[in-house]
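This report concerns only the one structure given below.
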Amino acid sequence: MNFCKSNQTVQNTVHLIRSDLQAAFKHAFDHVIEDDLIEIQRTSQIKFGHFQSNIAMKMAKALKQSPQSIGQRLIEPLTQHPYYKQITIAGPGFINFFMSEAYFNDSLHQMGSSPTLGIQSSHPPLNIIVDYSSPNVAKKMHVGHLRSTIIGDSIVRLLTFCGHRVIRQNHIGDWGTQFGMLIEYLIQNASDPQSADVTTAYQAAKKQFDDDPAFAERAKARVVLLQQGDAATIAIWQSLVENSERHFSEVYERLGVLLNAADIRPESYFNDQLQPLVDTLTQSEICVVDQGAKVIFLDGFKDQEDRALPMIIQKSDGGFLYATTDLAALQFRLERLKADRIIYCVDSRQQQHFDMLFAAAKKIGWIDQQQLEYALFGTVLGEDHRPFKTRSGDTVALLPLIDQAIEKAKSLIIKKHPNWAKAQLNQTAQSLAISAIKYADLSNDKIKNYLFSEEKMLAFDGNTAPYLLNAYVRIQSLFRKANCDVPTAMNGQLDLSTEVEIQLAHHLCYFPIEIEAIAKHLELHRLCHYLYQLAMLFHRFYEHHPILNDRSQESRLALAALVSRVLAQGFSILGIQTIDYM
RNA sequence: GCGUCCGUAGCUCAGCUGGAUAGAGCAACAGCCUUCUAAGCUGUGGGUCGCAGGUUCGAAUCCUGCCGGGCGUGCCA
């Protein structure tokens with residue numbers, strides 16, 4: 001399956017080199033080698049040229065010749081194409097290709113004339129479901145929801161950019177026994193469920209549940225009322241849900257993520273389907289009764305005593321579990337939403353649960369060609385390398401965390417621009433802080449735990465949002481000074497002459513290929529790394545070359561314009577807002 | 001115990017399907033603003049890639065076994 005396709009000069013050039021090598025091989029050794037045996041890769045260092053092939057080393061044994069002599073015979077007939085500037089044999093036998101200015105001019109021109117920077121939409125588009133964020137009603141969103149929300153949002157943007165039909169699913173936790181005690185507590189204290197501070201109420205309810213047996217009894221009875229659909233109970237529950245959803249919306253809006261009310265498909269949505277689902281699975285003997293519970297046994301899962309560990313889908317008391325809801329949600333996504341690919345953006349601690357879910361779906365026979373996968377992520381750690389908590393040991397709430405980052409950004413901006421108007425200061429600080437939080441998360445390999453450091457994420461040096469945004473801001477400033485804009489500058493004639501310009505061009509050309517690879521494996525940190533290198537190369541270019549009022553102004557502005565577009569496109573995929581001043 | 005993930009410079013992290021002398025940033029030291037945003041650029045020092053085997057022309061990368069750490073492991077989510 002193709003998740004994203006790049007089709008432009010670079011890729012055509014890779015094909016060109018490959019087929020040239022193939023022809024040369026046939027000519028020199030009367031031997032046909034298969035396409036996929038000839039890898040063409042980007043060189044590790046600029047002194048080795050722009051592309052390289054290791055085919056001479058691969059074939060040395062079979063041909064009983066040294067890689068160097070094989071390489072030598074291969075490159076002789078290769079030197080004709082105007083895209084090749086120089087071809088050399090080096091090191092243990094690499095064939096290094098140095099590309100010509102014509103190649104870079106053509107590549108950049110083609111990229112610049114494409115509205116999608118050379119990325120071709122996937123045909124046909126796939127229905128891709130991204131399950132992310134998934135906060136719980138009756139709890140404020142906290143740092144534990146941050147990664148799923150940010151990573152999921154970026155995955156949605158990435159796959160949308162690649163031309164897919166992406167369906168967001170926010171599987172919020174709005175059902176379960178805990179609502180019995182919460183509702184009972186609110187009734188007892190005559191609290192308004194629309195406006196109550198649910199986190200505090202929840203904690204108090206839990207405490208009373210543990211300490212007061214009479215309350216616990218009433219809470220349990222309330223669960224039954226809720227499940228039976230008692231009108232008064234449902235009304236309170238509904239208010240609680242609305243209360244929480246307003247809070248979720250506020251967080252999503254402040255973070256600038258795409259999730260909205262229409263993406264919410266809560267646990268309660270599947271309530272009616274749980275019993276029928278269990279019954280069907282029982283009838284087909286996929287689900288069996290074990291120790292009083294209804295379970296599905298799956299190969300390869302063991303408990304602590306090395307016995308088969310089943311997935312429990314109905315408790316011995318008749319209650320359902322999150323495995324049941326997830327199973328029903330999966331069925332819904334496959335059958336009703338016609339999912340081709342489903343991506344669960346969840347904490348890596350849930351891996352086993354989802355392994356079981358996927359295995360169950362296969363056992364039931366729901367899965368044909370569709371792909372179930374997850375974007376697993378590690379824990380957010382504090383500077384002490386322990387899970388990120390407040391000083392008192394509580395989970396860190398999201399809104400105060402965002403506010404704090406904004407304050408920090410403000411103080412940094414004031415140092416540089418003491419005279420900025422309040423509105424500009426606030427707006428820039430907000431953009432910078434949100435970008436910093438997102439970028440810090442996305443730039444780390446998501447499977448690893450990551451260290452949350454406000455200091456580092458807002459640093460102006462290194463692989464941070466401010467550093468990248470600064471490259472963008474510098475370009476916008478250039479265009480203001482030149483009285484020109486990006487689309488106009490894009491039409492300028494390129495005339496690349498220096499090593500730094502060529503390096504920048506070479507890196508730009510790789511954008512579509514990077515995006516293609518990133519979309520396949522959902523490696524967002526790789527996009528960050530790519531953009532970081534682009535920003536670094538641009539800063540170097542900017543520092544070493546005069547741009548305005550230089551005889552190369554037209555060419556250099558065209559180059560800057562393309563950098564601007566690629567940065568902006570990259571930021572857009574990461575969910576980062578561009579700014580024009582900082 | 002079993003499963004799973006992680007282990008790369010003092011610190012935070014890259015290293016793509018195996019490829020050349022393992023790369024950035026921070027921190028340390030030394031330079032660069034009468035021209036486009038110095039929130040920048042240039043240079044120096046710093047690594048037994050957890051350990052040991054194996055596969056290979058070639059291993060941080062693949063395989064096996066250890067060591068260390070996180071997480072999960074039957075009716076919570």
Side-chain angles (χ1 to χ4, degrees), chain A residues 36 39 41-45 47-48 52 54 57-58 60-61 66-67 90-94 96 134 136 173 176-178 267 290-295 300-317 319 321-323 325-326 347-353 355 376 378-379 381 387 412-413 415-417 432 440 443-445 447-451 453 455-456 458-464 466-467 469-471 473-474 476-478 480-482 513-514 517-518 521 523 525-526 528-529 532-533 536 539-540 542-550 553 556 560 581-582:
Chain A
D36 47 357
E39 303 168 67
Q41 22 182 241
R42 192 173 177 175
T43 54
S44 57
Q45 291 177 63
K47 67 178 175 189
F48 299 136
Q52 66 179 195
N54 57 13
M57 293 182 289
K58 276 188 174 172
K61 205 169 196 177
S66 75
F94 287 104
N96 293 334
S134 311
N136 297 310
T177 51
Q178 73 273 22
E267 288 178 352
D290 192 78
Q291 298 174 31
K294 293 203 169 162
V295 306
F301 296 92
K302 299 282 175 64
D303 70 5
Q304 296 194 41
E305 273 76 50
D306 208 36
R307 290 181 303 233
L309 176 70
M311 180 164 82
I312 301 174
I313 57 173
Q314 187 162 22
K315 296 194 281 184
S316 44
D317 68 3
L321 300 104
Y322 78 134
T325 315
D326 276 336
D347 191 301
S348 62
R349 280 174 286 205
Q350 297 198 51
Q351 180 170 2
Q352 182 174 269
H353 163 68
D355 280 340
L376 293 173
T379 309
L381 304 178
L412 290 167
I413 295 166
K415 277 186 202 156
K416 173 106 200 271
H417 304 289
L432 219 47
S443 61
N444 284 292
D445 187 356
I447 193 68
K448 296 183 185 178
N449 295 343
Y450 108 92
L451 215 67
S453 162
E455 188 81 23
K456 280 185 178 132
L458 278 163
F460 303 120
D461 307 300
N463 192 8
T464 65
Y467 179 84
L469 284 166
N470 188 38
V473 164
R474 277 180 146 182
Q476 306 323 305
S477 175
L478 276 176
R480 284 193 298 270
K481 284 255 158 54
I513 288 178
E514 284 288 332
I518 290 160
H521 303 290
E523 297 162 316
H525 71 291
R526 225 173 115 179
C528 294
H529 191 70
Y532 175 48
Q533 285 183 318
M536 255 193 304
H539 280 307
R540 189 180 301 166
Y542 181 92
E543 293 284 345
H544 294 285
H545 302 312
I547 297 169
L548 303 179
N549 304 317
D550 186 87
Q553 171 166 324
R556 289 183 177 158
Y581 300 88
M582 67 183 279

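Within 4.0 Å of Pro466(A), counting heavy atoms only, lies no atom of the nucleic acid at all. Residue contacts for Gln52(A): at a heavy-atom cut-off of 4.0 Å it reaches a base atom on one of the strands shown. Within the nucleic acid shown, Ala60(A) has no heavy atom closer than 4.0 Å to any nucleic acid atom. Contacts of Phe301(A) with the nucleic acid, taken as non-hydrogen atoms under 4.0 Å apart, are absent. Counting non-hydrogen atoms under 4.0 angstrom, Leu451(A) reaches the backbone sugars and phosphates but no base. Among the protein residues, Gln291(A) comes within range of the nucleic acid bases, having at least one heavy atom under 4.0 Å from a base atom. Base contact: Ala90(A) has a heavy atom under 4.0 Å from a base atom. Among the atoms of the strands shown, base atoms are found under 4.0 Å from some heavy atom of Gln304(A).
For Asp445(A), the listed nucleotide lying nearest its side chain is A14(B); candidates were A20(B), A39(B), A14(B). Relative to the side chain of Leu309(A), the nucleotides U37(B), G74(B), G19(B) differ in distance, and G74(B) lies closest. Minimum atom distance to the side chain of Ser44(A) is reached by A20(B), of the listed A20(B), C6(B), U73(B). In the set G1(B), U37(B), G70(B), the nucleotide with an atom closest to the side chain of Lys416(A) is U37(B). Picking from G1(B), C16(B), C36(B) the nucleotide with the shortest atom distance to the side chain of Arg526(A) gives C16(B). Considering only the side chain of Ile447(A), C6(B) comes nearest among A39(B), C6(B), C36(B). Taking the side chain of Ser477(A) as heavy atoms from C-beta on, and the options U21(B), U37(B), G19(B), the nearest nucleotide is U37(B). Each of A14(B), U37(B), G40(B) was ranked by its minimum atom distance to the side chain of His539(A); first place goes to G40(B). The listed nucleotides are U73(B), U42(B), U37(B); the one nearest the side chain of His544(A) is U42(B). Each of G40(B), C57(B), C75(B) was ranked by its minimum atom distance to the side chain of Lys315(A); first place goes to C75(B).
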- request: Test Tyr581(A) against His417(A) for side-chain contact (heavy atoms from CB on, under 4.5 Å), laying out the working first.
  value: CA-CA 11 Å; Tyr581(A) 300 88; His417(A) 304 289; over 6 Å; no
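Pair check for G1(B) finds U73(B); Watson-Crick or G-U wobble, both atom distances under 3.5 Å. A 3.5 Å limit on both hydrogen-bonding distances identifies G54(B) as the Watson-Crick or G-U partner of C62(B). Taking a pair to require two hydrogen-bonding distances under 3.5 Å in either a Watson-Crick or a G-U wobble arrangement, C36(B) remains unpaired. Pairing of G7(B), defined by two Watson-Crick or G-U wobble distances under 3.5 Å, is identified with C67(B). Across all strands shown, G23(B) forms a Watson-Crick or G-U wobble pair with C13(B), both key distances being under 3.5 Å. Across all strands shown, the partner of A30(B) is U42(B), judged by Watson-Crick or G-U wobble contacts whose two distances both fall under 3.5 Å.
Map Thr43(A) and Pro387(A) each onto its nearest nucleotide of RNA chain B; the residue landing nearer the 5' end is Thr43(A).
Side chains of His545(A) and Asp550(A): no donor on one and acceptor on the other come within 3.5 Å.
For C26(B), the base is anti relative to its sugar; the glycosidic angle deviates from 0 by more than 90°.
With sequence neighbours excluded, no residue satisfies salt bridge (Lys or Arg N to Asp or Glu O under 4.0 Å) with Asp461(A).
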Give every pair of a protein N or O atom and an N or O atom of nucleotides 24-30 of chain B that lie under 3.5 Å apart, one pair per line with the distance.
from: A24(B); atom 1: O2'; to: Tyr532(A); atom 2: OH; distance (Å): 2.8

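Side-chain atoms of Glu543(A) do not come within 3.5 Å of backbone N or O of His539(A) as any donor-acceptor pair.
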